[in-house]
Amino acid sequence: MAKDLSFSCNECGASFRKWSGQCDACKAWNTISEDKALASGPKGKTLGAIRGKSIPLTDLDTQEQEPPRTKAGVDELDRVLGGGLVKASALLVGGDPGIGKSTLLLQAAARFARNGLKVIYISGEESNAQIQMRGRRLGLEKSPVMLASETNLRDILTTLENEKPDLAIIDSIQTMWADNVDSAPGSVSQVRSSAHELTTFAKRNGMAVIMVGHVTKEGAIAGPRVVEHMVDTVLYFEGERGHQFRILRAVKNRFGPADEIGVFEMTGKGLAEVKNPSALFLSERGAPAPGSVVFAGIEGTRPMLCEIQALVAPSPHSQPRRSVVGWDGSRLAMILAVLESRCGVPFTGLDVYLNVAGGLRISEPAADLAVAAALVSAREDATVPSEAVIFGEISLSGALRPVVQTENRLKEAQKLGFTNVIMPQQAKSAAVSGIQMQQATDLAAFIEQVFGAR
Ligand code: TYD
Ligand code: MG
């Protein structure tokens, strides 16, 4: 019988029959490696040959009990979890190495322990002494969290079975080693198999498990994406190394809304909640300058103002630079094309730099209009009124499309002392007292309103 080989991509987890240099699914290079199958039941028999047990069925109407939740008592974290940590659930916290995942989870562990959960923190990366040192730095040395430094999954599962904690934190899933899978720790099969074992253990024993996953650029170590489908909740911890702001973002949540974010600040004593992120993101704004625009965005359910900065300069290169931080590069290309072909504002021969201030990442199309305003402002060396916020989506025809949650955006702008808003025309107007609204139907008209006839 031919040996049944299978290969999968460390980056996106796609499976293939044979090895190749580039992943067909996510186009990453050198990320494909051989898989070892998960350990399973009796070998060589089809599933139908040995009878399983009958599964109890229910209908759609009979109400199952809501699973109990425990709050951490940190709003920024509880909101992202959808209202607290759910019993018997599996979570994945992904992020770049060094961004602060271990810090966040040690602080969360202490909070949950203080709120009555039995918490075990298992690190495969640091010694107990190192974790204790971090604990002292965070002022948590007296909290009733139990620690272990271990990578052997069999020993970890036995310990969890004996100790019966309510929450186990595994830092990180890439360092775990299941001895029934004969490949190196960090490989796709090890990571998948460890995550699978931990998730099923958690479900069966009514324990919550939080697994840390490093986002990796190297091909040899599997990224957190290969286990995303197995867990109930996927959170990513984002931020720029040079900035102190950190954002915890829910990208998948079976027990709450996805897209919800929590904002933290990395301080000398660990992560601190940021209750009013708009004020923080705008705090570094100086005097009105060309290329600077305030965008009223929405992240999950919460409005958030931030500054968008653009710089446009003559290019010394034959192919001008397009550099973006915090926004989508292809979306920028689209806005530049619309400005050029629908509004007669060309950027040929000009380098364009676009930056979302403070290390925030924006994915909403509602930022289109603020980006366009920043670009035109930088190119024309003309400031946008500093008391105005801007939002709206731009279509390829140059028309402006209304966006969701207009009223929330306006209220946040009012709360932070803005008096003007420039936005797309919309049928149902949401007036907020103290805010003067300027509306436009297309981009060319908007440019004329803000920068005058050119
Ligand atoms: P860490 O939680 O170890 O990151 P990860 O687990 O994601 O790899 O955090 C590492 C960084 O955080 C490190 O560069 C130091 C910084 N830090 C602080 O600034 N303040 C603190 O109180 C702590 C504990 C860490
Ligand atoms: Mg760590």
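Just so you know, ligand 1 is whichever comes first in the structure, and atom 1 is the first atom listed for that ligand.
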Problem set entry | Those atoms of ligand 1 less than 4.0 Å from some heavy atom in Thr267 | 18 (C), 19 (O), 20 (N), 21 (C), 22 (O)
Exercise. Which atoms of ligand 1 sit under 4.0 Å from any heavy atom of Lys269?
Worked result: 22 (O)
[atom]: which protein heavy atom is closest, and how many Å away?
atom	value
atom 2 (O) of ligand 1	Thr103 OG1, 2.6 Å
atom 12 (O) of ligand 1	Met266 CE, 3.3 Å
atom 3 (O) of ligand 1	Arg134 NH2, 2.9 Å
atom 6 (O) of ligand 1	Ser102 OG, 2.6 Å

Flag side-chain contact, heavy atom, 4.5 Å: [X] against [Y]:
X	Y	result
Pro303	Ile298	yes
Arg79	Val74	no
Leu375	Leu339	yes

For this session: Please indicate whether Lys87 has more than 12 foreign heavy atoms, meaning atoms of other residues, nucleotides or ligands, lying under 6.0 Å from its NZ.
Result: no
Exercise. Does CZ belonging to Arg254 count more than 12 external heavy atoms closer than 6.0 Å?
Worked result: yes
For this session: For Ser127 and Ser149, work out which heavy atoms get closest and say how close.
Result: CA-OG, 3.8 Å
For this session: Verify the contact flag for atom 15 (C) of ligand 1, where contact means a protein heavy atom under 4.0 Å away.
Result: no
Problem set entry | Arg409, Lys411, Gln414 screened by side-chain contact (heavy atoms from CB on, under 4.5 Å) with Ile435, the one that passes | Gln414
Problem set entry | Partner of Trp327 under side-chain contact (heavy atoms from CB on, under 4.5 Å), chosen from Leu332, Ile308, Leu360 | Leu332
Exercise. Hey, does Leu106 sit under 4.0 Å from ligand 1 if you only count heavy atoms?
Worked result: no
For this session: May I ask whether Gly95 has any heavy atom positioned less than 4.0 angstrom from an atom of ligand 1?
Result: no
Does [X] reach ligand 1 with a nitrogen or oxygen that is under 3.5 Å from one of the ligand's nitrogen or oxygen atoms?
X	result
Gly98	yes
Gly270	yes
Arg137	yes
Glu126	no

Seminar exercise, completed: Heavy-atom proximity to atom 4 (O) of ligand 1, picking from Gly94, Gly139, Gly100, points to Gly100
For this session: Begin from the C-alpha positions of Glu260 and Arg249 and carry the test salt bridge (Lys or Arg N to Asp or Glu O under 4.0 Å) through to its verdict.
Result: CA-CA 6 Å; Glu260 204 59 91; Arg249 189 186 295 275; over 6 Å; no
For this session: For salt bridge (Lys or Arg N to Asp or Glu O under 4.0 Å), just list the numbers for Arg134 and Glu126, CA-CA rounded to whole Å, side-chain angles, deciding distance to a tenth of an Å, and then say yes or no.
Result: CA-CA 10 Å; Arg134 176 181 293 130; Glu126 291 163 302; 2.9 Å; yes
Exercise. Can you tell me if Thr103 has an N, O or S atom under 2.8 Å away from the Mg ion (ligand 2)?
Worked result: no
